[in-house]
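In what follows, a single structure is set out as structure tokens and then discussed.
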There are 2 protein chains.
Amino acid sequence: MPNIKQIAKIAGVSVSTVSRVINHHAYVSEDKRRAVMEAIVQLNYSRNLNAVHLSKGTTNIIGVMVPSINHAYFSRLMEGISSEALMKDYQLMVCQTNYNPVSEGKVLDMLKMKQMDGIIIGSKTLAWEQIEPFTEYGPIVACEDAGTSAISSVYLDHYDCFRQGMRYLIERGHRQIGFCLGRADSANSLKRRRAYEDALAAIHEAVREEWMFYQCLRIEDGLAVVHQWLRMRERPTALLVTSDQVAAGIITEARKNGIRIPEDLAVIGFDNQPIAQVFDLTTIDNQLFEMGSAAFQMAYDHITKKRTKPENRELGYLLIERSTV
Amino acid sequence: MPNIKQIAKIAGVSVSTVSRVINHHAYVSEDKRRAVMEAIVQLNYSRNLNAVHLSKGTTNIIGVMVPSINHAYFSRLMEGISSEALMKDYQLMVCQTNYNPVSEGKVLDMLKMKQMDGIIIGSKTLAWEQIEPFTEYGPIVACEDAGTSAISSVYLDHYDCFRQGMRYLIERGHRQIGFCLGRADSANSLKRRRAYEDALAAIHEAVREEWMFYQCLRIEDGLAVVHQWLRMRERPTALLVTSDQVAAGIITEARKNGIRIPEDLAVIGFDNQPIAQVFDLTTIDNQLFEMGSAAFQMAYDHITKKRTKPENRELGYLLIERSTV
DNA sequence: TTAATGTATGAAACGCATTTCATGTCAAGG
DNA sequence: CCTTGACATGAAATGCGTTTCATACATTAA
């Protein structure tokens, strides 16, 4: 593989001049520029990016930490990140962690080892305090509320959001309400559960453990929810489901079992994914794509403007009224 | 940021010894090893991976070229790649191309510039001849039939596969059969169309342009198919749909319009994604996950064993009988 | 006892491009 | 005619870890 030195020799110039030509610096005479260009073509030369990265101290790579690559939520989020990264000529290093703390730690280490200029956290299991020290090595932007930590974040208020979903259901006469969440102990889930309990308290309804479904992450998880629902003596008349896919699974299985939507069971989804439109699903749009692109922009700004203090940006959400409530 | 030199100084050894300790080489006395380890902890040292990459000439990074990050097909494929990469301690650089030849070229360039050790092509628009020259810089594995080119590949016989779908429908009495494909001019689509035409010819049925739907990529694309179907005077009684998502969209919209599945319209999907299970959709499982992991393994083998001749591996497929035919 | 091995360690070369600093030329302004 | 700034170019330092080569001592086999 030819290097800059060989180009310099063939073109009859110094390596500095070659570098200037490659990087479009000013102050290179037309003759030499042409000579260099010709040498580059002649030797079929390409820069060794590892040398560039080492020399510059940056890589134009952003790490993306997600528990799973194959999940509608993260796919949409990554699409937002990617679209922005593409425009800024940044590459994405997608790191699947499976919520494994060791894997998550490895991603953080890669930032320290200068393999990437910054990290966007889609979701994680490590505590903020364990992540915080790494902000020293580059911007870390979380796509969830990072609270008072020194981590930047783009997020939405899931308490509010859930409250609004509850309000919407209650206004339409529902009092028997259940929910479907993902990880039981995640910060978001805890907030949602609190919103749920507060909303029920406000209408003097008791909280029932059996109406709370956890580990609802994928479309197929909707089936079990319906089967459990069918076995209950007292059933919720509405479900707040934090994933359109799960909601779609519920609706499909419900219809198969003769359950009318929304008469027998009202459903509100989350994310406003394409599947929600197809199912004519009432859902809360939480702007995942925008969250992804905002997260990238934030990381990018910190890298290029060398900002250090964390930034927090709250995004809005929007209840989309369709036919499942 | 501390470097290996400072560690060496503090530990009272040479940089070679530090490197040996870090890389777990033999022949380092216990005293020095400990001294080095202590210095590393003391200075909170981490290697600069860019220097490592430059020095070693490899990066342990595999590039993944996909048109879209947010698409069930590629998500599943990438999941397969990722699971294998995780085990081998490789990182994934996911490059979204939007089928833009310029973007695709950039990915290939990154291989040449040693930013990655190999490339897995999920799908592309460039011609094989344009890709071939880059195999010189590292293994390129395509997740589609690379024909007689010098590109390695993991693929399945989409002609056969489509023929089998057609046979299944014909055996069940269908003669009016249509299909839904993605890109009209992709190699796979052409093969499928050929299989379709051959199958119809075998039962002496004419080919009808209006029963061929293209650009069917996402769940929402199923709606338009149904609406067109409704407007036809003569309708196909069965559709071969090369995506479970699209099939699910079709089924959902069909049911909404009172079309009975499979009585009025039989549907076969492709991929055997979770959504197919939920919809109890008859589908052809083409082992996307396995394709992804096989592709990674192939790339990995070429990197580590420095093989050069291309390899081609055909995977099987399996028709999953469910209730939509 | 000698030759051959194994263990241990450091100096220096190597991978490659960027960037600062120094130097030099030439034209415009005073 | 001299100063100043724009233009042009190269030498050398810099970023950092890996690896080869040379060296030296301690064993072990012959």
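Atoms considered below: every heavy atom in the structure, side chains included; atoms not considered: hydrogens, waters and symmetry mates. Quick note on labels: first sequence line is chain A, next is B, and so on, each numbered from 1.
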Should we say atom NZ of B:Lys114 is surrounded by more than 12 heavy atoms from elsewhere, each under 6.0 Å from it? no
For A:His53 and A:Gln115: C-alpha separation, side-chain torsions, deciding distance, then whether side-chain hydrogen bond (donor to acceptor under 3.5 Å, both in side chains) applies. CA-CA 9 Å; A:His53 294 336; A:Gln115 164 111 62; over 6 Å; no
Write out all pairs satisfying salt bridge (Lys or Arg N to Asp or Glu O under 4.0 Å) with one or both partners inside residues 53-80 of chain A, taking only residues at least two apart or from two chains. A:Arg76-A:Glu79
How close or far is atom P of D:dT14 from atom CD of B:Gln6, stated in whole angstroms? 13 Å
Considering residues at least two apart in sequence or located in another chain, which fulfil the side-chain hydrogen bond (donor to acceptor under 3.5 Å, both in side chains) criterion with B:Gln96? A:Ser82, B:Asn98
In whole Å, I'd like the distance from the NZ atom of A:Lys9 to the C1' atom of D:dG10. 16 Å
For B:Asn3, what residues pass the side chain to side chain contact (heavy atoms under 4.5 Å, CB included) criterion, not counting sequence neighbours? B:Lys5, B:Gln6
Would you mind classifying the nucleic acid contact of A:Val13 as base, sugar-phosphate or nothing, using non-hydrogen atoms under 4.0 angstrom? sugar-phosphate
Contacts of A:Ser186 meeting side-chain hydrogen bond (donor to acceptor under 3.5 Å, both in side chains) (sequence neighbours excluded), chain-then-number -> A:Ser189
Hey, can you pull the residues of residues 21-37 of chain A with a non-hydrogen atom under 4.0 angstrom from DNA chain C? A:Asn23
Find the distance between CD1 (B:Ile81) and CZ (B:Phe289) and round it off to the nearest 0.5 Å. 10.5 Å
Short of 4.0 Å, heavy atom to strand atom, which residues of residues 48-58 of chain A count as contacting DNA chain C? A:Asn48, A:Ala51, A:Val52, A:Ser55
Ignoring hydrogens and angles, tell me if any N or O in the side chain of A:Ser153 forms a donor-acceptor pair with the backbone of A:Tyr155 under 3.5 Å. no
Has the side chain of B:Asp117 got a donor or acceptor atom that lies under 3.5 Å from a matching backbone atom of B:Ile62? no
In whole angstrom, give the distance that lies between atom CE of B:Met113 and atom P of C:dA17. 11 Å
When the distance from CD1 of B:Ile4 to C1' of D:dT18 is rounded to whole Å, what number comes out? 8 Å
Please round to 10 degrees the angle between the axis of the first five pairs and the axis of the last five pairs in the helix from C:dT1-D:dA30 to C:dG30-D:dC1. 30°
Protein-nucleotides 20-28 of chain D N/O pairs under 3.5 Å:
none

A:Lys114 has an atom NZ; how far is it from atom P of D:dT14, in whole Å? 17 Å
Mind checking what makes side-chain hydrogen bond (donor to acceptor under 3.5 Å, both in side chains) contact with A:His71, not counting sequence neighbours? none
State which residues pass side-chain hydrogen bond (donor to acceptor under 3.5 Å, both in side chains) with A:Glu84; sequence neighbours excluded, sorted by chain then number. A:Gln297
Does D:dT18 have its OP1 or OP2 closer than 4.0 Å to a side-chain nitrogen or oxygen of B:Ser19? yes
Identify each donor-acceptor pair in which a side-chain atom of residues 23-38 of chain B lies under 3.5 Å from a protein atom, sequence neighbours left out, and give them as a table.
from: B:Asn23; atom 1: OD1; to: B:Arg47; atom 2: NH1; distance (Å): 3.4
from: B:Asn23; atom 1: ND2; to: B:Ser19; atom 2: O; distance (Å): 2.8
from: B:Asn23; atom 1: ND2; to: B:Ser19; atom 2: OG; distance (Å): 3.3

How long is the line joining CD1 of B:Ile7 and P of C:dT9, in whole Å? 17 Å
Please classify the nucleic acid contact of A:Thr17 as base, sugar-phosphate, or nothing, using heavy-atom distances under 4.0 Å. sugar-phosphate
Residue pairs fulfilling side-chain hydrogen bond (donor to acceptor under 3.5 Å, both in side chains) with at least one residue in residues 128-142 of chain A, sequence neighbours excluded: A:Tyr137-B:Asn44
Report the distance from atom CD of B:Gln115 to atom C1' of C:dC16, rounded to the nearest whole Å. 15 Å
Is there a side-chain hydrogen bond (donor to acceptor under 3.5 Å, both in side chains) between B:Tyr99 and B:Arg183 once you walk through the steps? CA-CA 10 Å; B:Tyr99 281 129; B:Arg183 290 182 301 158; 3.3 Å; yes
